[in-house]
Peer 1: 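Pasting in a structure now, in structure tokens, and then I'll have a few things to ask.
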Protein chains: 2
Amino acid sequence: MALMELKEAKDKFIHTWGTLATQWGINRTMAQIHALLLLSSKSMNADEIMADLQISRGNVNMNLRDLMDWKLIYKQLLPGERKEFFIAEKDIWKVAKQIAKERRRREIGPLIEAMEDLKEGIQPDTVEKEEFLKIVNDISKVSIFADNTMTSLLKSDENWLMNNFIKVFNK
Amino acid sequence: MALMELKEAKDKFIHTWGTLATQWGINRTMAQIHALLLLSSKSMNADEIMADLQISRGNVNMNLRDLMDWKLIYKQLLPGERKEFFIAEKDIWKVAKQIAKERRRREIGPLIEAMEDLKEGIQPDTVEKEEFLKIVNDISKVSIFADNTMTSLLKSDENWLMNNFIKVFNK
DNA sequence: AAAAACTTTCAGAATATTTTGAAAATTCAA
DNA sequence: TTGAATTTTCAAAATATTCTGAAAGTTTTT
């Protein structure tokens, strides 16, 4: 890519972030608002975001709330201001942890629950049922493994893998 | 959940797999066909799948091809049969590895590329540009870390984490 | 207490994704 | 070859998701 001006690069960042997010099952506007706030040194209010991204007030409001649920942005009440301002978590490592945590909760949790439900509902009293339960059990094990792996990766900064990473990251 | 008959449990499995898949950004029908084949001891052809899930031929065809791209199912040519039959990979650990691999490729790869592009386009000749590049660089580092972590988890069965798991899994 | 400033909600509109099914393309047996 | 069997394609229809904007709700100021 050729040299760009900052404004152009920021727009490209916001646009790219939005496009990639849809690939991850995340709403495009939510990702764009997040990108905008990530790049903004000051906190922003709803009107500023509306103007910047050219989207409606309702859309901004709902996605700001979702971003707060994900703990990727925080509300900031400025003295002397009626409006609510929002600021993004700038520590990218925290952002990544937060996203991974949320996705683990949304994607792996329900899978584990569903397999448990199925296990409980079936008695292994025929060969066919045993075969079915084998699959359910295997999925159950893999998903619990994935869940544990995520948790141990995220939980402890003493983790060897993470330390290894942090060394590189803090250079 | 109360006790269920096998048919009921299989239907629930297929339905659940489809619903969860949409949460993971995977097409519902693709997931249901996958679930159906996972639970089937015999390989199935397009007509059988159409009848079973009550979906159109075009839909079955396109999702079978996607599932083959993901390497979650294989085409099986039976002697004396004109029709193509499909069978799912039954080793759930392989299935999980395959899914993780594909998602890594789709979700992390483009992110790394996009950040590299942005880095190249901007010269750090002002404070604002330096701040921008800091964020891009941090995201770049985190995504490369995630990519490496995935790769090392998946690549080697000599990996301590995986061995640890396999011991439990093979019990 | 009333009004102004601001936030939230949500029904309908707009957009995006998935599905259908018939036509076109391909494969294979005779 | 021909034609029957099967697979693939793709435009249009159906469905699902996201967005808008005005009305309703809330908070703060006067």
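Computed over heavy atoms, backbone and side chain alike; hydrogens, waters and symmetry mates excluded. Sequence lines set the chain letters: A, B, ... in the order given, protein chains first and strands last, and positions in each chain run from 1.
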Peer 1: I49(A) versus L64(A): any side-chain heavy-atom pair under 4.5 Å?
Peer 2: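 With C-beta onward as the side chain, the pair touches.
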Peer 1: Does I112(A) reach the side chain of D147(A), with side-chain heavy atoms less than 4.5 Å apart?
Peer 2: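 Answer yes - side chains close enough.
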Peer 1: Under 3.5 Å, is there a donor-acceptor pair between the side chain of N61(B) and the main chain of R57(B)?
Peer 2: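 No.
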Peer 1: Under a 4.5 Å cut-off applied to non-hydrogen side-chain atoms, are W17(A) and L36(A) in contact?
Peer 2: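 No, side chains not in contact.
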Peer 1: Reading DNA chain D from 5' to 3', where do the contacts with chain B start and stop? Cut-off is 4.0 Å to heavy atoms.
Peer 2: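 It runs dA4(D) to dT9(D).
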Peer 1: With a 4.5 Å heavy-atom cut-off, do D47(B) and M50(B) have their side chains touching?
Peer 2: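 Sidechains of M50(B) and D47(B): in contact.
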Peer 1: In sequence, state the C-alpha distance, the side-chain angles, and the governing distance for V95(A) and W70(A), and then conclude on side chain to side chain contact (heavy atoms under 4.5 Å, CB included).
Peer 2: CA-CA 9 Å; V95(A) 172; W70(A) 280 71; over 6 Å; no
Peer 1: Around atom CZ of R104(B), are there more than 12 heavy atoms from other residues, nucleotides or ligands closer than 6.0 Å?
Peer 2: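 For R104(B), atom CZ is crowded (more than 12 foreign heavy atoms under 6.0 Å).
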Peer 1: How does protein reach along nucleotides 7-18 of chain C, written 5' to 3' as B (base within reach of a heavy atom under 4.0 Å), S (only sugar-phosphate), or - (no contact)?
Peer 2: BBB--------S
